[in-house]
S.K.: 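Below you'll find the structure I mean.
Remember, predicted model here, so these are calculated numbers, not experimental data. Chain letters run A, B, ... following the sequence lines, proteins first, then strands; residues in each count from 1.
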Amino acid sequence: MHQLYLHNTLSGRKELFKPLDEHRVTVYVCGPTVYNYVHIGNGRPGVVFDVLVRLLRKLYPRVIYARNITDIDDKINAAALANRESIQALADRYTQAYNTDMAYLGVTEPDITPRATHHITEMIDMISQLIDNGHAYANDGHVMFDVPSDPHYGSLSGRSLQDMIDGARVEIAPYKKDPKDFVLWKPSTAEQPGWESPWGIGRPGWHIECSAMIRKHLGRTIDIHGGGSDLTFPHHENEAAQSRCANHSTEYVRYWIHNNMLTMGQEKMSKSVGNVQTINALAKQYSGEVLRYALLSGQYRSSLAWSQDLVAQAQASLASLYQALRDNPATLDEPLDFSQTSIEAFPKTVVSPLLDDLNTPEALAAMHELAAELQKAVNPEAVQRARTALRAGGWLLGLLNTDPDAYFTAGGSQSLSNSEIDDLIEARNIARQNKDFARGDQIRDLLAAAGIELEDLREGTRWRRS
RNA sequence: GGCUGGGUGGCAGAGUGGUUAUGCAGCGGACUGCAACUCCGUGUACACCGGUUCGACUCCGGUCUCAGCCUCCA
């Protein structure tokens with residue numbers, strides 16, 4: 001039996017994962033607010049939870065994975081205003097861009113991608129229930145969640161109400177009964193997007209969308225809720241409080257999983273700091289798998305130092321895995337899609353670290369061991385066995401999805417074409433046969449200058465773009 | 001100030017009470033006309049100070065230090 005252990009923010013420790021219903025495992029991850037291109041830091045939860053879901057699907061017959069799109073937000077309003085375009089057009093454009101970026105990183109599409117604007121009714125219903133339950137109050141067009149009414153408030157982020165009073169920077173507003181109360185609904189002006197509600201034309205607060213969409217699509221208690229560690233407080237704390245109170249349930253999320261941040265130098269990569277690298281921009285220089293490898297090179301709960309060096313190392317590391325596949329071609333037809341393959345058929349050395357709180361660095365280390373085995377395989381059976389193991393492990397991590405030859409020769413449209421390269425290689429080999437090594441080296445230098453590296457093998461000359 | 005989590009070799013990054021993960025980079029060798037690819041070999045580590053222990057990088061205490069959250073944020 002394969003047992004999955006996950007670090008649960010709720011308990012602060014690693015726990016054995018046991019879903020509420022083995023036949024219906026529910027996962028929700030906080031997606032982006034769509035007002036701009038997302039940065040590579042936003043890509044981390046996308047990739048991490050993609051690996052988790054791939055693994056869960058091997059362990060359980062049915063997994064329902066939802067990742068939301070936040071398309072109501074004051075930053076969206078501001079960006080649309082600045083661009084002089086409609087809020088919806090802007091949100092749609094960046095939703096599209098986000099989907100493109102995630103696909104580039106090899107992230108499998110979630111089963112459900114709920115959008116906040118499509119769930120206003122559900123949010124209003126939930127807010128009404130909170131008012132009826134005595135956990136929320138309407139005041140001056142606002143509806144506020146009554147934090148002191150929730151006895152469990154603070155249980156997720158591990159802070160007491162007293163902790164929060166110390167040095168609190170919460171906004172004190174006249175419509176709040178308690179400074180910690182947070183907004184469920186707020187009034188909109190004519191320029192702001194607004195919806196009819198029992199409290200006037202307005203729009204929802206930040207946290208309520210997740211609560212309402214989870215209840216609608218996944219249920220009152222879900223197994224896993226993921227997101228960045230910077231969402232733990234206040235977002236997830238508030239979300240959990242309102243869901244517990246609205247659902248009359250003590251258990252909202254069984255396992256809270258939070259990924260740590262990417263850093264630039266010593267500091268967190270963050271839009272507000274401005275030290276971000278968008279996936280869109282990185283995609284012009286690096287393949288999606290390289291970026292994905294770089295993201296997986298650190299365990300998700302550790303911060304990861306993002307740098308050009310890191311990506312370069314990821315590129316070289318990934319190339320060595322592909323090189324093993326390229327050096328040892330398949331001896332028979334092999335599958336590339338392992339989505340239907342049973343967990344037993346995957347290499348244990350890759351699966352075991354993943355079952356232990358998604359230890360992707362150790363899983364990648366195992367991948368390199370498998371690549372070394374492949375390089376040293378002495379007969380066709382051993383080659384095929386090692387290849388299959390490497391491919392399967394790669395599938396679980398979302399890597400090695402490309403044909404190795406294509407991986408090394410793709411791209412570089414602005415330099416030499418493949419046929420030009422082939423012609424030059426042929427000319428060089430003729431020169432070499434005639435012992436005209438000066439001419440041969442001249443051609444090799446010419447190709448090197450164009451970013452083409454040659455590898456003379458027994459079977460012939462092979463090339464790759466550097 | 002409160003709450004979290006860290007400090008590992010040139011870089012990234014796992015892990016373990018006693019056999020120097022892994023990758024990238026470096027160095028030596030084999031292969032090669034020379035290279036590249038590949039293979040073989042190889043060096044540099046566990047912030048600091050105490051304690052527990054036959055033995056600690058790993059456990060405990062303290063010090064210094066870094067980051068995250070407490071405001072939007074993946």
Side-chain angles (χ1 to χ4, degrees), chain A residues 7 9 12 29-33 35 38-49 73-75 154 157-160 162-171 180 206 226-235 237 258-263 265-273 276 293-294 296-307 309-321 323-324 326-328 353 356 359-369 371-372 375-376 408 432 435-438 440-441 444-445 448 452-458 461-464 466:
Chain A
H7 179 95
T9 307
V29 172
C30 282
T33 302
Y35 66 96
V38 296
H39 56 75
I40 190 68
N42 298 283
R44 173 122 97 151
V47 168
V48 163
F49 291 105
D73 180 271
D74 286 350
K75 283 183 179 166
S157 57
R159 36 190 109 192
S160 65
Q162 186 58 47
D163 288 342
M164 286 179 261
I165 289 163
D166 300 332
R169 279 190 275 173
V170 287
E171 185 192 359
K180 290 179 296 298
W206 177 28
S229 62
D230 54 354
L231 297 180
T232 310
F233 190 91
H235 179 51
E237 191 69 71
H258 289 104
N259 64 275
N260 211 138
M261 304 290 102
L262 251 47
T263 60
Q266 285 281 304
E267 203 176 12
K268 174 187 169 185
M269 183 186 288
S270 158
K271 279 180 201 163
S272 43
V273 178
V276 300
Y293 189 107
L296 293 175
S297 69
Q299 204 267 354
Y300 77 93
R301 288 199 299 118
S302 302
S303 62
L304 179 66
W306 189 264
S307 68
D309 235 30
L310 179 77
V311 191
Q313 289 177 15
Q315 190 163 37
S317 299
L318 182 63
S320 82
L321 297 180
Q323 195 78 248
R326 198 184 196 194
D327 287 347
N328 304 276
D356 184 13
N359 192 337
T360 51
E362 207 170 305
L364 288 174
M367 289 291 286
H368 285 281
E369 306 268 354
Q375 290 286 25
K376 287 176 229 168
F408 286 111
R432 291 170 69 216
K435 306 283 179 199
D436 185 359
F437 295 120
D441 290 350
R444 186 172 63 199
D445 291 346
I452 308 299
E453 285 179 19
L454 299 186
E455 296 170 10
D456 292 325
L457 306 179
R458 205 168 298 169
T461 301
R462 189 170 76 178
W463 62 274
R464 59 187 283 191
S466 57

S.K.: Between A:Y293 and A:H368, what is the ring plane arrangement, given parallel below 30°, perpendicular above 60°, and tilted in between?
M.R.: perpendicular
S.K.: When all nucleic acid strands are considered with a 4.0 Å heavy-atom cut-off, which category describes A:A366: base, sugar-phosphate, or nothing?
M.R.: nothing
S.K.: Does the B:C11 base have a donor-acceptor partner in the side chain of A:Q313 within less than 3.5 Å?
M.R.: yes
S.K.: With the side chain of A:R464 defined as its heavy atoms from C-beta on, choose the nearest nucleotide among B:C11, B:C39, B:C37.
M.R.: B:C37
S.K.: Which part of the nucleic acid does A:D327 contact within heavy-atom distance under 4.0 Å: base, sugar-phosphate only, or nothing?
M.R.: sugar-phosphate
S.K.: Taking the side chain of A:D456 as its heavy atoms from C-beta onward, which of B:C39, B:C34, B:C69 lies nearest to it?
M.R.: B:C34
S.K.: Counting heavy atoms from C-beta on, name the nucleotide in B:C11, B:U22, B:C72 closest to the side chain of A:S272.
M.R.: B:C72
S.K.: When we call it a touch if two heavy atoms are under 4.0 Å apart, what does A:G41 touch: a base, just sugar-phosphate, or nothing?
M.R.: base
S.K.: To the side chain of A:D309, which of B:C11, B:C24, B:G13 is closest?
M.R.: B:C11
S.K.: For A:H7, enumerate each residue passing the ring pair (Phe, Tyr, Trp, His ring centres under 6.0 Å) test, keeping only those at least two apart in sequence or located in another chain.
M.R.: none
S.K.: Between B:G68, B:A74, B:A12, which one does the side chain of A:S297 approach most closely?
M.R.: B:A12
S.K.: Consider the side chain of A:N359, meaning its heavy atoms from C-beta on, and name the nucleotide among B:A14, B:U22, B:C72 that approaches it most closely.
M.R.: B:A14
S.K.: In dot-bracket, 5' to 3', how would RNA chain B read with Watson-Crick or G-U wobble pairs under 3.5 Å, [ ] for crossing ones and | for pairs to another strand?
M.R.: (((((((..(((.....[...))).(((((.......)))))....(((((..]....))))))))))))....
S.K.: Answer with base, sugar-phosphate or nothing: what part of the nucleic acid does A:Q315 contact at a heavy-atom distance below 4.0 Å?
M.R.: nothing
